Structures are given as C-alpha cells and as structure tokens.
Amino acid sequence: MPTQTTTLSIPVRRLALLLGGLAMFGPFSIDTIFPAFPAIGAQFGADKLAMQQTISVYLVAYALMSIVHGPLSDAIGRRRVILGGLIVFAIASVGCALSKDLTTLLAFRALQGLSSGVGLIVGRAVIRDVLHGDDAQRLMSQVSMIFGVAPALAPVIGGWILGVAHWPAIFWFLVAFSIVLIVATWRALPETHPPQARLPLAPKRLLRDYVAIIVNPRFQRLSAAAAFNFAALWVYIASAPAFVLDILKLSEREFGWFFVPMISGMILGAFVSGRSAGKVSGAKLVSIGFACSAVAMAINLGYNLLTDVPKVPWAVLPMMLNAFGIALVFPIVTLAILDMYPRQRGSASSLQAFTGLVLNAAIAGVLSPLISDHALWLIATAIAFLTIAFGFWRWEARVSRMRSGNGATQTVPGETL
C-alpha cells in the first residue's frame, strides 16, 4: 500500500485514522446515550416511544442535511465543510447537556443531526479524491475498521459515565470529543478538492444534478442494496435499549454484550475487504458477504425458535457474522456509486447517505417501537431487509452482465459483476 496519497503529501495511514475518527462522531452521538434512556426518561417523564424520538429526530435531521454536505464540499472544499460541521456539533452537544426538558433535548439532538454527517459523507469523497481502484478500497476498508469501533465503544463509555455522573456528562464527553476532532482536522487534514475542480453551488444546477442521480436506475439499485443490507443490522441497533435491557435482561453497563460482538464482526469484515483488494473480485466479495449474512439470519432464527428467553452470548453471536457480511458488501457498493459521478462525488455520497438515513429514521422512529418487545419480530424484520437488499443486488448484477455483453461500462470498479 502506498504511503502517500496520489495528490497530497500525507501518509495514507494518518489519513485513515483521521477520517475514521471523523466518521465516529456520528455513531457516538447515537449510541452513547442508549444506557441513559431510563434516566432521561425518568427525569423528563418520557416513555419508551418518546425516548425513541431522540434517535429518530437526530436521523431525520441527519438525512435532510446529508443532501447538502456533499455538494457544499464540491463547491467550497472538503476541509471547510468538515470544520464547520464539527463546530456546530460541539455547540449542539453543549445544548443537549444543558437541556431541562425533552423538547429542548430533541431540538439540540436535531442540531446534532444537521452537523454530524460531515465526517462520514464528506470523508467518503475525500477518499475518492486522492486514491483510485484497489488503493481506494483499502483506505475505505481501513476507515470502516476504525469507524466500526464507535458503536461498540459508545454505549460502553456511556455506561461508564453513568456510573460516576448524571446523564448530561455523556453530552459533555461528546463536546470534548468534537473539540479533539476540530484540532486534529485543523492541523492534519489537507484540502483534497482544489479550487479548479470545484463546482459552483447553483441551486438550479444542484437540483438538476440531484434529479439526474436519483432517477438513475443503477444508482437506485446500488443505494437500495446498501441501505437495506445495513438495515438488517440497524433494526437491532435502533432497538438496542429494548433488546439489551428488556429482552436480554442486562443492565445499563452491559451494552457491550450486544455491541462488541457486532462491531468485532464489522471490523474483521473491513479488514478482510481491505486485504482482498486486488486479489478477490468485488462482485465475489459482495456474494460472500450476502452469504455470511444469510447464514447468520438462519442461525439467529433457529436459536430464537428454540428458546423462550434469549441469553448472551448465543443471542448476539449471529450478529457478529451478519456484521462481517455487511462490511464485505459496503465498500464495494459505495465505491461503485462514487465512480458513477467522478465530478460530483460529494453529491453522490450525499444521496447515498440520504437513502440509508431515511430508511434508518423510519426504522428507529416508527418500526422499532412496534417490534422491539419480541426477539422473533426483530429477526423476522432483519430477514426481510436482507432479502430485499439481495434482490436489488442481483437485479444490478443481471443488468450489469447485459451491459457488459454489449460493451458498456462495467459496474464494479475495475471489473464486471
């Protein structure tokens, strides 16, 4: 692997660490507060459904702003957008920590959501700005490995903080984390999108470009495959408070039983994806990833049918294999989408994120409260999402083979499906 980017004098490993850290603060803002749900609900007189809105309002705001982050970075540069988002996130986290009622907390959670997408969305564009082909896949996988640590660490950190302080301390932790990222970005992240490559931020042109991307059938198939594939895991993440506290009967400090195996699988999958770049075709990695997730679903369903009271570790180990499969699929599909629009990578990244976030917000705010009381309902929903994702992928693979047979552009970077 090269030690320098193709256009900038910065070690790739340092860039991976920085982009991974930037991608982490979004999941941190979701998962660190999971252990505090009972305490916040008791203080504000909020039931489980009301507390679930602290996730959904965050995700709705995240989704709405995600369609702006990418094109804004295409117009004014990646670095400015990331720094601006981090500053707003720090301010929003202060507001959350000082909230005295649920309405105020939800308002500042929305502000967190409006700003927290910059690290992940713009970071993807940074990767594709500076590296290509297998090198881009390796860097994407390295960032995914670092990013994958966040959902495992966040609820554990939240539980530790609750052991020594009240729930607002969790948001003060997020303030400190965002300040560290501001300093690191200011000192270490170069501008990867030079002025001569930028596009004017013209609303009419942006709307026209967005419409062109959205109505592209290939973009629809690839983004839907990625979104529904992750949704098979997200339905558990969004339901984590109910799953861990009510179904598994664990305490606020034991969220690690759920998140550590899941994220271990994701990190291992990202590692395998990076090591496989240039050795195993992207299409084959995606097929292996879906196969791993299908086996995980079968094991999870069988276990829940055979037991009345799910217990750790058996109730969570299948999620490790599912997360492994997702980590094999995601980098390939994401790079395929970004390669469709070499001059509009920010916009393409934004719309891919928007697709997934809208689905995640609907799951967190509407579906999760309806199904999170029963383990079998959760696994049945996850199976449905995985089936839909695989259907979209097979659809794209079939169309790609037809396109390749006609001599058209290949769908996965550097290969045919």
Side-chain angles (χ1 to χ4, degrees), residues 27-28 30-41 48 51-52 55 145 147-164 167 170 229-271 292-327 363-364 367-386:
F28 260 43
I30 297 176
D31 298 341
T32 48
I33 69 169
F34 280 160
F37 268 29
I40 299 174
K48 185 175 72 172
M51 286 306 304
Q52 198 73 19
I55 302 175
M145 290 173 62
F147 163 74
V149 174
L153 286 180
V156 175
I157 291 173
W160 288 344
I161 292 173
L162 283 178
V164 297
W167 64 264
I170 293 175
N229 190 33
F230 183 73
L233 191 61
W234 172 255
V235 68
Y236 278 95
I237 298 174
S239 305
F243 182 67
V244 172
L245 302 176
D246 300 334
I247 295 178
L248 299 182
K249 307 298 182 183
L250 300 177
S251 71
E252 288 85 353
R253 297 191 185 185
E254 295 179 297
F255 273 75
W257 274 108
F258 168 60
F259 282 100
V260 171
M262 178 186 69
I263 300 307
S264 297
M266 189 167 292
I267 293 172
L268 181 60
F271 174 79
C292 290
S293 293
V295 171
M297 295 295 174
I299 295 173
N300 199 1
L301 178 61
Y303 173 74
N304 281 281
L305 288 173
L306 292 174
T307 184
D308 294 328
V309 183
K311 299 290 185 182
V312 294
W314 314 113
V316 297
L317 286 179
M319 295 173 206
M320 183 175 181
L321 183 58
N322 184 30
F324 175 85
I326 291 171
I363 292 171
L367 187 59
S368 175
L370 299 177
I371 65 173
S372 59
D373 291 333
H374 301 280
L376 278 174
W377 292 359
L378 285 170
I379 182 59
T381 304
I383 290 173
F385 285 146
L386 178 65

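Keep in mind that what you see is a predicted model, and the values were worked out from it rather than measured.
Rounded to the nearest 0.5 Å, atoms OG (Ser239) and CD1 (Ile363) are 9.0 Å apart. The distance from atom CE of Met320 to atom CD1 of Ile263, rounded to the nearest 0.5 Å, is 11.0 Å. Between atom OG1 of residue Thr381 and atom CG of residue Leu386 there is a gap of 12.5 Å, rounded to the nearest 0.5 Å. In this structure, CZ on Phe324 lies 16.0 Å from CE on Met262, to the nearest 0.5 angstrom. How far CG of Leu248 is from CZ of Phe258: 9.0 Å, rounded to the nearest 0.5 Å. Rounding to the nearest 0.5 Å places CG of Leu245 at 10.0 Å from CZ of Phe37.
Put simply, the side chain of Phe385 does not reach to within 4.5 Å of the side chain of Asn229, judged on heavy atoms. Looking at Trp167 and Ile33, their side chains never come closer than 4.5 Å, going by heavy atoms from C-beta outward. Contact check for Leu233 versus Met266: side-chain heavy atoms found under the 4.5 Å cut-off. Counting only heavy atoms from C-beta outward, the side chains of Ile170 and Ile157 never approach each other to under 4.5 Å. In this structure, the side chains of Val309 and Lys311 come closer than 4.5 Å at one or more pairs of heavy atoms.
A pairwise comparison of heavy atoms in Ala315 and Phe243 identifies O-CZ, 4.1 Å as the closest pair. Contact between Gly159 and Pro35 at its shortest, heavy atoms only, is N-CG, 3.7 Å. In this structure, Ala238 and Ser368 approach most closely via the heavy-atom pair O-OG, 3.7 Å. In plain terms, the two heavy atoms of Pro318 and Ala296 that are nearest each other are O-CB, 3.1 Å. The two residues Val312 and Leu250 come nearest to each other via the heavy atoms CG1-CD1, 4.1 Å. Of all heavy-atom pairs spanning Ile55 and Trp234, the tightest one is CG2-CZ2, 4.2 Å.
Under the side-chain hydrogen bond (donor to acceptor under 3.5 Å, both in side chains) criterion, the residue pairs touching residues 314-324 are Ser293-Asn322, with sequence neighbours excluded. The stretch residues 299-310 participates, sequence neighbours left out, in these side-chain hydrogen bond (donor to acceptor under 3.5 Å, both in side chains) pairs: Tyr236-Asn300, Asn300-Asn304.
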Do Ile299 and Leu317 pass the side chain to side chain contact (heavy atoms under 4.5 Å, CB included) test, and can you show the C-alpha distance, the side-chain angles, and the key distance before you say yes or no? CA-CA 9 Å; Ile299 295 173; Leu317 286 179; over 6 Å; no
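Remark: Asp373 pairs with Lys48 by the salt bridge (charged side-chain N to carboxylate O under 4.0 Å, His left out) rule, at least two apart or across chains.
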